[in-house]
Protein chains: 2
Amino acid sequence: MINNKLPSNVAELPTPAPLVDAAILAANLARMAEAWPGERLRPHVKAHKCTELARHQRGVGHPGFTCATIREVEGMVAAGLGQDLLLANEVLDASRLGALVAAGARVTVAVDSPAIVDVAARAGLREVLIDVNVGLPRCGCSPDDAGALAELARGAGLEVRGVMGYEGHTMIVEDRADRARQVAESMALLERAHAAVGGPVRSAGGTGSWDLNFSATELQAGSYALMDTAYAALGLPFGPALSILATVISVNQGGWAVADCGLKALGMDHGNPSLADGSVVWFCSDEHVIFSPPEGGSLPQVGDQVRVLPAHVDPTMAYHERLYLVEDDRVLEAWPVDLRGW
Amino acid sequence: MINNKLPSNVAELPTPAPLVDAAILAANLARMAEAWPGERLRPHVKAHKCTELARHQRGVGHPGFTCATIREVEGMVAAGLGQDLLLANEVLDASRLGALVAAGARVTVAVDSPAIVDVAARAGLREVLIDVNVGLPRCGCSPDDAGALAELARGAGLEVRGVMGYEGHTMIVEDRADRARQVAESMALLERAHAAVGGPVRSAGGTGSWDLNFSATELQAGSYALMDTAYAALGLPFGPALSILATVISVNQGGWAVADCGLKALGMDHGNPSLADGSVVWFCSDEHVIFSPPEGGSLPQVGDQVRVLPAHVDPTMAYHERLYLVEDDRVLEAWPVDLRGW
């Protein structure tokens, strides 16, 4: 249970607690909006699951958003951010989306098969993008099938706004030249599909290709707002806005300490988190991170606070009920992470 | 958003959805209760975070429970299950626990340092266990310091019920003889500490040592109720009660399919999940598991349902709002996963 009264200092927060550095967040949003202004960026809310943060993204000029789940779409509409939402994923229980469209929200869905086109049409959706496989073995039809699928969708009464294709397999290619080449190959596939499909939209890309994707009419980047250590390894000009505040609960003179931020507070698919102070992470268990001080450093004391940097932002945010916007140690605001679940 | 009206068949559930097989759960609870009856088992609720499941554990005879967070303790008390709760973890913001004790709940906390003893005493807690490091580099004082810490606690007005020590490093040692030897070594350390501390309780163990720990007066097992693929690899006599129901949303004739159960529905620290039908899992992304059919099998169709077996139960449950108790494809009940958060 978290107090409703907002503490003024991070020292008073119950831990683990996600902290978002207000200045770094603002700089990240500004930097991306400069390169991809207005409608050219369609921020992906799956990376933060927070309508208040989305509102700040709209505040720097982006009217439309990308979602990964029906719940995210519903939450964005409920927050008054349903002007132009793309559900960049295939869904089968589309009746919940049809209800939103009937009530006035603009919701475009990705379709990659006749079955999904049929679902969209029967649910009362009006607009779709043809989802094209551009190299990541996940969703998306073959570029060769995109034109026929668009025909089918139009025949079912749907407006086809264009294509989307996520070059996700390129995002964490560390060598920049390799990444550039692979992005270009993926976008050549998407352009070929687009020529067969028509429509104004070619939606693609992410934080890892923000300055390498020269083909997308709109970029679906999400991680750039908060960042994580996996993306940080690419040397992108977006700062680590997110850390998880944790409290040291045990110190062993054998050379390690334990803080209260574990597997249930961190997305672990990209591996262990890091500590902001350079401590060496040994392992995590359900409610603990175990670490030793950096070379030459000394052990912390029970009660000290540490900041834990997650390896993967998206599944990290999905564990937390709220985040705290901070300026150094001062707590400015608490924002509900209100797009969780399905 | 999940309908309040409970569907009768799993085919109607929104996915991803955690399913708990009622018969396997009942068999797991019965098997453990036979070996560790009544107070000898103190089921760990961190493995399922569900008070309704805990109520079933009480139903087979266990009056006390183990918790890992303050929120778990609060939730168990609110559910009327606060007869004898052990918070098997060190905490610093103990005032919330003190309020529960003042209101009549029995809450024992783990202490492993003078600082934590001081916190417990000042928060109005009455009972503690001395937490002893028995080989897992995490919390716990040295066995050599346990007696002095117990003295300190008694001097601060706390009742010392005994010791606890979690031999977590032994839990997934695959070779049974190795595991047995390591458990015995850990318990020798705990017994030495116990001799210096006194009190009736020696709390230890988990699912992996359920038939190898001959020293614990009470076992803190949790995973045995639902199980996961990491524990299944040990060949324990507890069945896989938990699966995550997912829907196939995309099929590629290149040889793979995609279902809607990804990184935000699965604890990933023990690696990829498995599919109940033997399909080969390629990778997971935020909302997707990508897989190919088992040797000789054929691709599924869009709309088919699959059951995903998580590699680690605890961080998996922490992602879900509710679980569904099922008998084959029939939905019996929905249970809130109501102990999430901190």
Side-chain angles (χ1 to χ4, degrees), chain A residues 1-2 14-17 46 68-71 74 89-93 96 112-113 115-116 131 133 136-142 168 247 249-254 256 258 260 262-265 267-269 282-288 290 301-303 312 314-315 318-321 340-342, chain B residues 1-2 14-17 46 68-71 74 89-93 96 112-113 115-116 131 133 136-142 168 247 249-254 256 258 260 262-265 267-269 282-288 290 301-303 312 314-315 318-321 340-342:
Chain A
M1 220 163 293
I2 294 170
T15 52
K46 79 181 174 80
T69 66
I70 296 174
R71 177 83 148 253
E74 288 175 334
N89 196 8
E90 281 65 28
V91 292
L92 282 164
D93 50 347
R96 287 158 58 192
D112 72 349
S113 70
I116 298 290
D131 187 1
N133 173 13
L136 175 71
R138 205 168 67 182
C139 301
C141 67
S142 159
T247 305
I249 59 168
S250 185
V251 178
N252 193 296
Q253 295 308 320
W256 71 86
V258 184
D260 60 356
L263 304 174
K264 292 171 179 171
M268 291 295 293
D269 59 296
W282 291 15
F283 68 96
C284 292
S285 51
D286 281 340
E287 301 291 351
H288 303 123
I290 294 84
Q301 299 200 328
V302 170
H312 192 183
D314 311 54
Y319 272 130
H320 295 275
E321 290 174 31
R340 307 192 303 154
W342 293 277
Chain B
M1 220 164 292
I2 295 171
T15 52
K46 80 183 174 79
T69 66
I70 296 173
R71 176 84 146 251
E74 289 175 333
N89 197 7
E90 280 65 26
V91 291
L92 282 164
D93 49 347
R96 287 158 59 192
D112 72 349
S113 70
I116 297 291
D131 187 1
N133 174 13
L136 174 71
R138 204 168 69 183
C139 301
C141 67
S142 160
T247 305
I249 58 168
S250 185
V251 178
N252 193 296
Q253 296 309 320
W256 71 86
V258 184
D260 60 355
L263 303 174
K264 292 169 178 172
M268 292 294 294
D269 59 296
W282 292 14
F283 67 97
C284 292
S285 52
D286 281 340
E287 300 291 349
H288 303 123
I290 293 85
Q301 299 199 328
V302 170
H312 192 184
D314 311 52
Y319 272 129
H320 295 275
E321 290 174 30
R340 306 191 304 154
W342 292 277

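Atoms considered below: every heavy atom in the structure, side chains included; atoms not considered: hydrogens, waters and symmetry mates. Throughout, a chain's letter reflects where its sequence line sits, starting with A, and its residues are numbered from 1. Just so it is clear, the structure is predicted and the values come from calculations on it, not from any experiment.
Across all their heavy atoms, B:Leu136 and A:Phe283 have their closest contact at CD1-CZ, 4.0 Å. Between B:Gly140 and A:Ser250 the shortest heavy-atom distance is N-OG, 4.1 Å. Across all non-hydrogen atoms, the minimal contact from A:Gln301 to A:Val251 is C-CG2, 4.0 Å. The shortest non-hydrogen separation linking B:Arg340 to B:Glu321 is NH2-CG, 3.4 Å. Shown here for B:Tyr319 and A:Ala318, the closest heavy-atom pair between the two residues is CE2-CB, 3.7 Å.
By the 30° and 60° cut-offs, the orientation of the rings of B:Trp282 relative to B:Trp256 is tilted.
Only the side chain of A:Asp112 comes within contact range of chain B, with heavy atoms under 4.5 Å apart. Using a 4.5 Å cut-off between heavy atoms, B:Asp131 does not touch chain A at all. Contact annotation for A:Ile116: only side-chain heavy atoms (C-beta onward) come within less than 4.5 Å of a heavy atom of chain B. Heavy atoms closer than 4.5 Å to chain A are found nowhere in B:Ala17, neither backbone nor side chain. Both the backbone and the side chain of A:Ala68 come within contact range of chain B, each with at least one heavy atom under 4.5 Å from a heavy atom of that chain. With a 4.5 angstrom heavy-atom cutoff, B:Asp269 touches chain A via backbone and side-chain atoms both. Only the side chain of A:Asn133 comes within less than 4.5 Å of a heavy atom of chain B; its backbone N, CA, C and O stay farther away. In this structure, chain A has a heavy atom under 4.5 Å from the side chain of B:Leu92, while its backbone stays farther away. Looking at A:Asp260, there are no atoms closer than 4.5 Å to chain B (heavy atoms on both sides), in backbone or side chain. Looking at B:Thr15, the atoms closer than 4.5 Å to chain A (heavy atoms on both sides) all sit in the backbone: N, CA, C or O.
The existence of a salt bridge linking B:Arg96 and B:Glu74 is confirmed by a sub-4.0 Å separation between a basic side-chain nitrogen and an acidic carboxylate oxygen.
Of the candidates B:Asp314, B:Asn89, B:Thr69, B:Asp314 is the only one forming a side chain to side chain donor-acceptor pair (under 3.5 Å) with B:Lys46.
Side-chain contact between A:Ser285 and A:Ile290: present, with at least one pair of heavy atoms (C-beta onward) separated by less than 4.5 Å.
With chain B as partner, the option from A:Glu90, A:Gln253, A:Arg138 having the largest number of non-hydrogen pairs under 4.5 angstrom is A:Arg138. Among B:Pro137, B:Ala265, B:Gly303, B:Ser113, the residue making the largest number of heavy-atom pairs under 4.5 Å with chain A is B:Pro137. Between chain A and the residues B:Ala115, B:Gly254, B:Pro16, B:Gly341, the most heavy-atom pairs under 4.5 angstrom are made by B:Pro16. The choice from A:Met268, A:Glu287, A:His320, A:His312 that makes the most heavy-atom pairs within less than 4.5 Å of chain B is A:Glu287.
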